[in-house]
Amino acid sequence: MQLSDIVDLARYPLDEAFGASCTATLDRDGVLVLPDFIQADALKLLQDESRAGQKDAYFCAQDHSVYLTPPNSDFAPDHPANLQVVSSKGCICDDRVAAQSPLRLLYDHDSFRDFVKRTTGQPELHAYADPLSSINIHYAKRGQELGWHFDNSSFAITLLIEKPDAGSRFEYIKDLRDADAGDMNYDAVGDLLAGRTQPDVLEMDPGALVLFRGRNSIHRVSPNESDKTRMLAVLAYNDTAGVELSESARMTFYGRLA
Ligand SMILES: O=C(O)CCC(=O)C(=O)O
Ligand SMILES: [Fe+2]
């Protein structure tokens, strides 16, 4: 299999001109959705592979604040800095993704990495140094969700593999905080969690590649309201070599270190 078997290169040439137009969209919207990025046959392979892997997935649920920070005693427990939301999902890790999986070919391919570098402005991209964190496949069964949060990383790349019949909406509000300026915008987070403001909804279908800047744009995936499991691949890179996901994060999300 080669890149053209996986990516629709006629529609998405991954060259400099295309990268420039993607950068413009990402800068303007904070998100870039490329529908049908994955060729139909490769998507079918990914769906089969992901369905087969689900029995090995590690399922867990956590309470966390939207800032993914530990409780802050300067604030009351019901303050937006401390309010707890729940995230529940299953995950299979990089070491269970087959060597010949289209996901791995895509993740490793220089043309794809060059495209991601151009689009995000990231000068370097490196795989995780630990054996678990680079490519993950996430599963959300009925009732499972990802609670409101801001990402720690500056961008995330996902590929939707299977979409449930109802629920699992990706909801977000662009640039709700400014982390680098230290502006946590507790009032707006409080309004959102109390249902006083309505988020935007990002539409995506299986085969779509999504680049999302989630550091300042709060987002969640609402509960799956169907019996069809949501399956999504996460392609994670670092801007320097040798980075491992922390042991505590690996234990929490994967249930193991290696
Ligand atoms: O499941 C998704 O579409 C988004 C995942 C996400 O926000 C995350 O992993 O931080
Ligand atoms: Fe996120």
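Only this structure's heavy atoms are used, side chains among them; waters, hydrogens and symmetry mates stay out. For ligands, and for the atoms within them, numbers begin at 1 and follow the listed sequence.
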- Query: Any cation-pi pair here, Arg177 with Phe150, using under 6.0 Å and within 45°?
  - Reply: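 The answer is yes; both the distance and angle limits are met.
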- Does the cation-pi check pass for Lys141 over Phe59, that is, NZ or CZ under 6.0 Å from the six-membered ring centre and within 45° of its axis?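 Pair Lys141/Phe59 counts as cation-pi.
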- Asp151, N/O/S atom nearest the Fe ion (ligand 2):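 Going by distance to the Fe ion (ligand 2), the closest N, O or S atom in Asp151 is OD1.
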- Message: Need the atom name: nearest N/O/S atom of His219 to the Fe ion (ligand 2).
- Response: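 Of all N, O or S atoms belonging to His219, NE2 is the one nearest the Fe ion (ligand 2).
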Which of parallel (below 30°), tilted (30 to 60°) and perpendicular (above 60°) describes [X] and [Y]?
X: Tyr186; Y: His79; answer: perpendicular
X: Phe115; Y: Phe18; answer: parallel
X: Tyr107; Y: Tyr237; answer: parallel

- How would you list, by chain and number, the residues with a heavy atom under 4.0 angstrom from ligand 1?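 Within the 4.0 Å shell of ligand 1, which is judged on heavy atoms, sit Leu146, His149, Asp151, Phe170, His219, Val221, Arg230, Leu232.
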- Query: Can you check whether Arg230 reaches Glu145 side chain to side chain, under 4.5 Å on heavy atoms?
  - Reply: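 Arg230 vs Glu145: side chains apart.
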- Would you mind checking if Asp165 and Lys228 are paired as a salt bridge, meaning a charged N to carboxylate O distance below 4.0 Å?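 Yes, this pair counts.
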